Protein chains: 2
Amino acid sequence: MLKKRKAKRRSGCPLNASVEMLGDRWSLLIIRDMMVRGSRTYKEFLESDEGIATNILADRLQKLVAHGIVTTEPDSSDGRKLNYLLTAKGIDLAPVLTEMVLWAAAHEDTGNQALVRQMQADKEKFLAGVRRRWAKSHSLRT
Amino acid sequence: MLKKRKAKRRSGCPLNASVEMLGDRWSLLIIRDMMVRGSRTYKEFLESDEGIATNILADRLQKLVAHGIVTTEPDSSDGRKLNYLLTAKGIDLAPVLTEMVLWAAAHEDTGNQALVRQMQADKEKFLAGVRRRWAKSHSLRT
DNA sequence: TATATTCACTTGCTTTTCACAAGTAAGATG
DNA sequence: CATCTTACTTGTGAAAAGCAAGTGAATATA
């Protein structure tokens with residue numbers, strides 16, 4: 001399979017750059033799974049409530065890796081497993097996710113009120129927590 | 001045309017709700033045009049750098065209205081024009097857009113550095129500005 | 001007032017992406 | 001060794017995106 005060299009941007013606007021990397025119905029949910037649910041493997045992502053299709057998941061993971069948001073490393077105790085981990089760039093998406101969660105929680109009837117209340121109570125504290133958890137468990141690569 | 005009653009959510013997660021409303025390659029760009037470029041009409045949206053197709057624009061505007069993010073009102077001085085305006089819910093997306101812009105600006109090579117620097121300098125001030133501009137020029141409807 | 005132009009879309013068609021079901025290969029387990 | 005698990009790939013139909021052209025009402029222009 002031939003991989004494209006450099007998908008040219010539709011515009012130079014930073015929002016457009018974000019949208020081109022994350023603007024679909026799955027990418028941010030995968031990142032959420034890594035960030036708040038601690039998912040690491042293909043199988044764990046598949047088990048999420050939203051029910052992503054296997055081929056779409058493979059495609060999105062590959063794109064997230066290509067964009068430098070996620071890295072992979074083989075699991076040391078099980079040769080079949082590949083661990084997907086957030087890079088520093090990926091962790092920096094925490095504020096984006098937070099604002100999206102708070103917006104939906106404010107304007108829609110949604111579940112997961114535990115997470116929402118935690119974010120509402122102290123956004124910065126929540127973000128610090130995410131960063132700390134990730135800094136601890138892995139050496140972050142760029 | 002029959003409109004669907006209530007597109008059931010894939011999950012109750014607030015992030016999923018956001019993604020189902022905004023997770024595509026155009027919706028947030030339309031909101032950006034309203035929020036920071038002051039676009040109001042179909043034609044103005046079409047003129048954006050990214051080059052949205054006419055049928056996609058019509059579809060996205062309709063969905064944004066359906067989600068209560070945008071409202072319409074006829075232009076008082078030109079009967080052909082329809083003005084699209086952000087609702088309070090739409091304006092509340094300002095922090096989401098801001099974080100997405102700052103993230104891309106930090107990790108990608110993008111343009112529009114003027115806007116970025118303004119956001120970096122004082123996020124809260126920028127957000128207050130957006131809110132003030134919108135509160136002034138229209139009565140916000142829910 | 002007739003004509004051209006603008007505005008906000010539709011329509012039709014092709015291409016791309018999504019979704020579902022099934023299959024496969026490498027590694028682990030009993 | 002046989003079976004199971006994990007991380008995918010492949011095939012197919014359906015849905016959505018993208019492009020070009022067209023429509024109809026309102027407005028500007030000659």
Side-chain angles (χ1 to χ4, degrees), chain A residues 1-4 7-11 16 19-30 33-34 38-67 70-85, chain B residues 1-4 7-11 16 19-30 33-34 38-67 70-85:
Chain A
M1 199 235 283
L2 202 54
K3 84 168 72 163
K4 25 184 128 145
K8 57 186 165 306
R9 296 245 168 83
R10 296 175 300 186
S11 85
N16 181 59
V19 159
E20 290 193 354
M21 286 184 274
L22 307 167
D24 70 87
R25 297 171 88 68
W26 295 108
S27 299
L28 286 169
L29 296 177
I30 293 170
D33 284 347
M34 301 183 75
S39 301
R40 285 183 162 58
T41 65
Y42 188 88
K43 194 188 168 230
E44 286 172 323
F45 297 125
L46 272 186
E47 284 162 357
S48 251
D49 288 344
E50 290 88 5
I52 189 171
T54 57
N55 55 344
I56 306 291
L57 175 58
D59 178 77
R60 285 314 109 92
L61 285 170
Q62 185 185 300
K63 280 178 180 158
L64 289 172
V65 169
H67 286 133
V70 163
T71 7
T72 51
E73 64 176 34
D75 190 288
S76 52
S77 68
D78 186 336
R80 292 167 302 180
K81 288 187 183 170
L82 231 198
N83 287 311
Y84 289 91
L85 304 170
Chain B
M1 197 237 278
L2 201 54
K3 84 169 74 163
K4 29 184 124 141
K8 56 183 167 306
R9 296 246 167 82
R10 295 176 300 186
S11 85
N16 180 59
V19 159
E20 292 194 352
M21 286 185 273
L22 307 168
D24 70 89
R25 297 170 86 67
W26 296 109
S27 299
L28 286 169
L29 296 177
I30 294 170
D33 284 347
M34 302 182 74
S39 301
R40 287 184 160 57
T41 65
Y42 187 88
K43 195 191 167 228
E44 287 173 322
F45 297 124
L46 272 186
E47 283 162 356
S48 251
D49 288 344
E50 291 86 8
I52 188 170
T54 57
N55 55 345
I56 307 292
L57 175 58
D59 177 77
R60 283 318 107 91
L61 285 170
Q62 186 185 301
K63 280 178 180 159
L64 288 172
V65 169
H67 286 133
V70 164
T71 6
T72 51
E73 64 177 32
D75 190 287
S76 51
S77 67
D78 186 336
R80 290 168 303 181
K81 287 187 183 169
L82 230 198
N83 288 311
Y84 290 90
L85 304 170

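Please read these numbers as outputs of a predicted model, since none were measured by experiment. Below, chain A is the first sequence line, B the second, and so on; all start at residue 1.
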Practice problem: Round to a whole Å and report the spacing from OH of B:Tyr42 to P of D:dG24. | Solution: 17 Å
Exercise. For residues A:Ser11 and B:Asp49, report the shortest heavy-atom separation together with the two atoms involved.
Key: CB-CB, 3.9 Å
Quiz item: DNA chain C: A:Gly79 or A:Lys63, which has the more 5' nearest nucleotide?
Solution: A:Lys63
Self-check item: Main-chain N/O of A:Thr54 paired to A:Tyr42 side chain as donor or acceptor, under 3.5 Å
Solution: yes
Quiz prompt | Spacing between A:Ile56 atom CD1 and D:dC8 atom C1', to the nearest angstrom | solution = 13 Å
Practice problem: Would you indicate, yes or no, if D:dA17 has its OP1 or OP2 atom less than 4.0 angstrom from a side-chain nitrogen or oxygen of B:Arg60? | Solution: yes
Quiz item: Taking CZ from B:Arg25 and P from D:dA17, how many angstroms apart are they, rounded to a whole number?
Solution: 11 Å
Quiz item: If we only count heavy atoms from C-beta on, is the B:Trp26 to B:Glu50 side-chain gap below 4.5 Å?
Solution: yes
Self-check item: Atom pair distance, as rounded to whole Å: CG in B:Leu46 and P in C:dC9
Solution: 10 Å
Quiz prompt | Test: B:Asp24 and B:Lys63 ion pair at under 4.0 Å | solution = no
Self-check item: Any A:Tyr84 side-chain nitrogen or oxygen under 4.0 Å from OP1 or OP2 of D:dC8
Solution: yes
Quiz prompt | A:Ile52 CD1 - D:dT9 P separation (whole Å) | solution = 14 Å
Quiz item: Between atom CD in B:Glu50 and atom P in D:dG18, what is the gap in whole Å?
Solution: 12 Å
Quiz item: Taking CG from B:Leu82 and C1' from C:dT10, how many angstroms apart are they, rounded to a whole number?
Solution: 16 Å
Quiz item: So what does B:Asn55 hit on the nucleic acid, given a heavy-atom distance under 4.0 Å: a base, only sugar-phosphate, or nothing?
Solution: base
Quiz item: Counting side-chain heavy atoms from CB outward, which of C:dC7, C:dC9, C:dA19 is closest to B:Lys81?
Solution: C:dC7
Quiz prompt | Under-4.0 Å side-chain N/O to phosphate OP1/OP2 contact, B:Lys43 with C:dC7 | solution = yes
Quiz item: So, is A:Trp26 near the phosphate of C:dA19, with a side-chain N or O under 4.0 Å from OP1 or OP2?
Solution: yes
Practice problem: Please report, rounded to the nearest Å, how far the C1' atom of D:dA17 is from the CG atom of B:Leu57. | Solution: 14 Å
Quiz item: Nearest nucleotide by nearest heavy atom, which residue falls closer to the 5' end of DNA chain C, A:Asp78 or B:Glu47?
Solution: B:Glu47
Practice problem: Please check if the side chain of B:Glu20 supplies one atom and the backbone of B:Arg10 the other of a donor-acceptor pair under 3.5 Å. | Solution: yes
Quiz item: Considering only heavy atoms and no angle criterion, is a donor-acceptor pair shorter than 3.5 Å present between the side chain of A:Thr54 and the base of D:dT9?
Solution: yes
Practice problem: Would you kindly check whether a donor in the side chain of B:Arg80 faces an acceptor in the base of D:dT27, or vice versa, at under 3.5 angstrom? | Solution: no
Quiz item: Among D:dC8, D:dG18, C:dC18, which nucleotide sits nearest the side chain of A:Ala58?
Solution: D:dC8
